[in-house]
Amino acid sequence: MTPGDEHSGSSNSQEEHKNHIPPQGYTYPSEIHIVAPPVQFRRFGNAAALGLITFGICTVQESMMQTGMSVGYGHGYGSMTAQSITVAGIAQLLAGLWQLANGDTFEGAAFTSFGASWIAKGLAQVPGTGVLAYQQTESPETVRRQQGIIALTWSIWVLILLAGNVKSHVANIVLFGTLNLQLDFSCAGTWLNHERLIKTGGWFGFFCGLSAMYNAAAILLNEENFWFNLPVGN
């Protein structure tokens with residue numbers, strides 16, 4: 001076979017592949033599903049427990065202050081500045097980045113976005129960032145409505161995360177469901193300056209934080225190191 005014949009044969013093969021007709025009844029897939037690789041092929045360990053427990057711990061603390069269970073309604077947020085930045089902020093952000101590296105896009109997006117949100121929340125309490133000075137110069141109504149807008153946008157994001165969990169286990173649905181209700185009531189209460197609505201959102205946040213801690217425990221405690229697997233409602 002001459003080089004020209006070889007080239008001609010290659011062209012014919014490409015043409016046949018191009019004009020290939022699939023067998024009767026076969027349909028090409030309409031979409032590609034991207035799933036996380038199996039655990040044994042991941043480069044890093046599962047960071048979901050880290051993201052859940054850091055989120056849960058700080059959410060419970062903040063919600064207790066929001067409902068007035070600890071130091072009175074609306075007080076004590078400044079004491080959470082360090083934990084907001086480091087525990088629920090940086091640690092959760094890193095957990096999200098690790099999950100993205102593991103190929104888990106959903107948990108990576110959730111942990112990373114909320115970690116960044118907690119960092120911003122903590123930095124807002126640090127003198128010199130301009131946030132405290134801004135709140136002192138602006139009218140209370142303007143500040144209140146802007147905080148309501150922030151809660152509204154995060155409520156929409158959590159609703160998307162909740163929709164992505166409808167086929168997950170019950171413990172995950174409870175987590176994102178209570179988180180969504182917390183943000184909804186907090187948004188409405190902040191916007192309308194209604195203390196009871198804000199406190200109601202705090203109670204939902206309290207149970208949301210406990211749910212996150214339970215989900216973390218369900219990952220860490222299994223038959224290898226515990227007496228049984230914690231039920232999550234598969």
Judged by atom type as modelled, is there a donor-acceptor pair below 3.5 Å linking the side chain of Thr190 to the main-chain atoms of Cys187? no
Report yes if the side chains of Leu50 and Phe111 come closer than 4.5 Å at any heavy-atom pair, otherwise no. no
So do Phe55 and Leu179 actually touch side chain to side chain, heavy atoms under 4.5 Å? yes
Just verifying a value: how many Å separate Phe206 CZ and Gln61 CD, rounded to the nearest 0.5 Å? 11.0 Å
Does Trp98 reach the side chain of Leu100, with side-chain heavy atoms less than 4.5 Å apart? no
Flag, side chain of Ser211 to backbone of Phe207, donor-acceptor distance under 3.5 Å: no
Count I, L, V, M, F, W, Y as connected when their side-chain heavy atoms are under 4.5 Å apart, and connections chain through other members. Are Leu210 and Tyr214 then in the same cluster? no
Using the rule that Ile, Leu, Val, Met, Phe, Trp and Tyr join whenever any side-chain heavy atoms are under 4.5 Å apart, tell me whether Phe114 and Met80 fall into a single cluster. yes
Run the salt bridge (charged side-chain N to carboxylate O under 4.0 Å, His left out) test against Arg145 and tell me which residues pass, sequence neighbours left out. Glu141
Cluster check Met64, Trp203: I/L/V/M/F/W/Y, side chain < 4.5 angstrom: yes
Any link between Leu159 and Leu181 through a network of hydrophobic side chains (Ile, Leu, Val, Met, Phe, Trp, Tyr) touching at under 4.5 Å? no
Run the side chain to side chain contact (heavy atoms under 4.5 Å, CB included) test on Val232 and Asn172 for me, step by step, so that the C-alpha distance in whole Å, both residues' side-chain angles and the decisive distance to 0.1 Å come before the verdict. CA-CA 8 Å; Val232 293; Asn172 252 352; over 6 Å; no
Decide yes or no for Asn165 and Leu175: does some side-chain heavy atom of the first lie under 4.5 Å from some side-chain heavy atom of the second? no
Once you round to the nearest 0.5 Å, how far does CE of Met213 lie from CG of Asn215? 11.5 Å
Shortest non-hydrogen pair, Leu162 vs Gly177, comes out as CD1-N, 3.8 Å
Minimum heavy-atom distance Glu107-Ala48, with the two atoms named: OE1-CB, 3.3 Å
Mind checking ring-ring contact (aromatic ring centres under 6.0 Å, His included) for Phe204 and listing every partner two or more places apart, or none if nothing turns up? Phe185
Calculate, to the nearest 0.5 Å, the distance between atoms OG1 and CD belonging to Thr200 and Glu195 respectively. 10.5 Å
Atom pair CG/OG of Leu161 and Ser168 - distance to nearest 0.5 Å: 12.0 Å
I'd like to know if the side chain of Ser186 pairs up with that of Gln66 as donor and acceptor (distance under 3.5 Å, no hydrogens or angles considered). yes
Is there a side-chain contact between Thr112 and Gln99 (heavy atoms, below 4.5 Å)? no
How long is the straight-line distance from CD1 of Ile119 back to NZ of Lys121, given to the nearest 0.5 Å? 12.0 Å
Considering non-hydrogen atoms only, spot the tightest contact between Ser113 and Ala109 and give its length. OG-O, 2.8 Å
Do you know which two heavy atoms are closest between Thr54 and Gly51, and how far apart they sit? OG1-O, 3.1 Å
Could you tell me whether the side chain of Thr153 and the main chain of Ile150 form a donor-acceptor pair under 3.5 Å? yes
With a 4.5 Å limit on heavy-atom distance, are the side chains of Asn102 and Asn46 in contact? no
Cluster link Ile173 to Leu52, ILVMFWY, side chain under 4.5 Å: yes
Between the CG atom in Leu183 and the CG atom in Leu152, the distance rounded to the nearest 0.5 Å is 10.0 Å
Give a yes or no on whether the backbone of Ala151 and the side-chain of Ser155 come within a donor-acceptor separation of less than 3.5 Å. no
Evaluate the side-chain proximity of Thr59 to Trp118: yes if any heavy-atom separation is below 4.5 Å, no if none is. yes
Heavy-atom donor-acceptor pair, Asn180 side chain to Phe176 backbone, under 3.5 Å: no
Flag the pair Trp154 / Gln182 as yes when at least one side-chain heavy-atom distance between them is below 4.5 Å, and no otherwise. no
Which heavy atom of Ser63 sits nearest to which heavy atom of Gly202, and what is that distance? CB-O, 3.2 Å
In terms of heavy-atom contacts, Gly122 and Thr81 come closest through O-CG2, 3.4 Å
